[in-house]
Amino acid sequence: MKDVIIIGSGPAGLTASIYASRYKLSNLVIGGLLGGTITYAHRVDNFPGVAGISGFELSQKMAAQVKSLGVEILGENVTSIVKDGDTFKVVTESEKEFFSKTIILTTGTKRRKLNIPGEEQYLGKGVSYCTTCDAPFFKDKIVVLIGGSNAACSGAIHLAEFAKKIYLIYRKSALRAEPVWVEEIKNNPKIEVIYETNLIEIIGGTNVEKVILDKPLNGQSELVVQGVFVEIGGVPSSLLADQLKIEKDQEGYIKVSPEMETNIKGVFAAGDVTDRSLVLSQAITACAQGAIAANSAFEQLKS
Amino acid sequence: MEHQFTDQNFETEVLKSELPVLVDFFAVWCGPCQMMAPLIEELSSELEGKVKVGKMNVDENEQTAQKYSIMSIPTLILFKKGEVFKTLTGLRTKEDILAEILEK
């Protein structure tokens, strides 16, 4: 029986484990993909102390710190959580069973899709959800990148190291990324920002050849491109919460108190899966929430 | 330990293999590829004798990566008797990969 089982192994979960360990709470981290969404960032410049680090490296450092405190990170997905009195039973996809007194959910988000014709068909044939993975395949090509967040703007800048031309397409009238990124975008001659516009279709042969815009650009609603990068955020991975009847908002984010408690006693949540992440969803805020969740678990176990 | 495929050994190790072969096209600069690396290693031992599992660095083996039009990584391709049997693009969990490749 563990004091805490942490489900999810991104920045929120890994930080929760570090704090839990230092509170001398026995804990276990379970997560199918170690590192979480931050591993998609090619460069992280706003995490204090480690400027210029890649998202993957940052997550590896966090994981190493977790393990150095003697905690196991189990690389599996959780399929069910059942509450029986004051005990939680957690079952993984290989049917391993674990028991704990408290749970911290840090399951993050899945990438949001455009849901337009051609998107699925051209996945891996020009459509990508990961600029850090795929930018080098688009050397001297023309691409569109959809989105206006930090991830979208930093992605566009990374793409500009390879592609010939990048159309950054955003549905609103101003980019929502940090001004530092916005300035870099504006100063980059390869990037053209197209505001208040959406993609409605992706067309091609074997690979992507063009996209259709919902609003003409220079009189044309067709844009000839070889790549379509989608950076429009995530949708919360909060299905597990339903088994425990945890309250969620309309979009599926887990509702938490300032102490990161859910409506179910003994269950806490942190990071991008919570409604707090709607204010700001960054590695540093996920870490902060993970720390608070571990502290709240500690306070509850003490009393 | 998973196999290491290259432009040089691709034909003998993959195309002419008796067993089906799962190739993980990856690059060192790709965070999500690194995230999937331990899963590939586990799959390699779990599937031993059934499916040959290995990795291919797209930077060092451009010829093969281009032949199979790799434009997104991680990409997993399952080869059977020298032919592409199934392609899985993007980050996947182990159970997901197993379900896809063991499916008839």
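Lettering follows sequence order; numbering is per chain, from 1. No experiment lies behind these values; they were computed from the predicted model shown.
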Quiz prompt | Closest approach of B:Thr89 to A:Gly124 (non-hydrogen atoms, all atoms of both residues) | solution = CG2-CA, 3.8 Å
Self-check item: Crowding at NZ, A:Lys210 (>12 non-hydrogen neighbours, <6.0 Å)
Solution: no
Quiz prompt | Exceeds 12 heavy-atom contacts within 6.0 angstrom, atom CD of A:Glu120 | solution = no
Quiz item: What part of A:Phe138 gets closer than 4.5 Å to chain B, counting heavy atoms only: side chain, backbone, both or neither?
Solution: side chain
Self-check item: Enclosure of B:Glu62 CD (heavy-atom neighbours >12, cutoff 6.0 Å)
Solution: no
Quiz item: Where do A:Asp134 and B:Met71 land on the side-chain contact (heavy atoms from CB on, under 4.5 Å) test, with the steps shown first?
Solution: CA-CA 7 Å; A:Asp134 300 337; B:Met71 290 171 85; over 6 Å; no
Quiz prompt | Contact winner vs chain A - B:Cys30, B:Pro32, B:Ala27, heavy-atom pairs under 4.5 Å | solution = B:Pro32
Practice problem: Let me see the working for B:Trp29 and A:Thr132 under side-chain contact (heavy atoms from CB on, under 4.5 Å), right down to the final yes or no. | Solution: CA-CA 8 Å; B:Trp29 33 259; A:Thr132 175; 5.8 Å; no
Quiz item: Roughly how far, to the nearest 0.5 Å, is CD of B:Glu95 from OG1 of A:Thr79?
Solution: 9.0 Å
Quiz item: Does B:Glu11 CD have over 12 foreign heavy atoms under 6.0 Å away?
Solution: no
Quiz item: What residue, out of A:Gly32, A:Pro136, A:Ser128, has the most heavy-atom pairs lying under 4.5 Å from chain B?
Solution: A:Pro136
Quiz item: Looking only at heavy atoms, which two atoms of B:Ile73 and A:Phe137 are closest? And how far apart?
Solution: CG1-CE1, 3.7 Å
Self-check item: OG on B:Ser72 to CZ on A:Phe229, rounded to 0.5 Å
Solution: 7.5 Å
Practice problem: Please look at B:Leu91 and chain A and tell me whether the side chain, the backbone, both or neither of the residue comes under 4.5 angstrom of a heavy atom of that chain. | Solution: side chain
Quiz item: A:Leu33 pairs by side-chain contact (heavy atoms from CB on, under 4.5 Å) with which of B:Lys94, B:Arg92, B:Met35?
Solution: B:Met35
Practice problem: With a 4.5 angstrom heavy-atom cut-off, could you sort out which part of B:Thr75 is near chain A: side chain, backbone, both or neither? | Solution: neither
Self-check item: Heavy-atom neighbours of B:Lys86 NZ exceed 12 at 6.0 Å
Solution: yes
Practice problem: Check the surroundings of atom CD in A:Gln243: do more than 12 heavy atoms from other residues, nucleotides or ligands lie under 6.0 Å from it? | Solution: yes
Quiz prompt | A:Asn77 (side chain) donor-acceptor with B:Thr93 (main chain) under 3.5 angstrom | solution = no
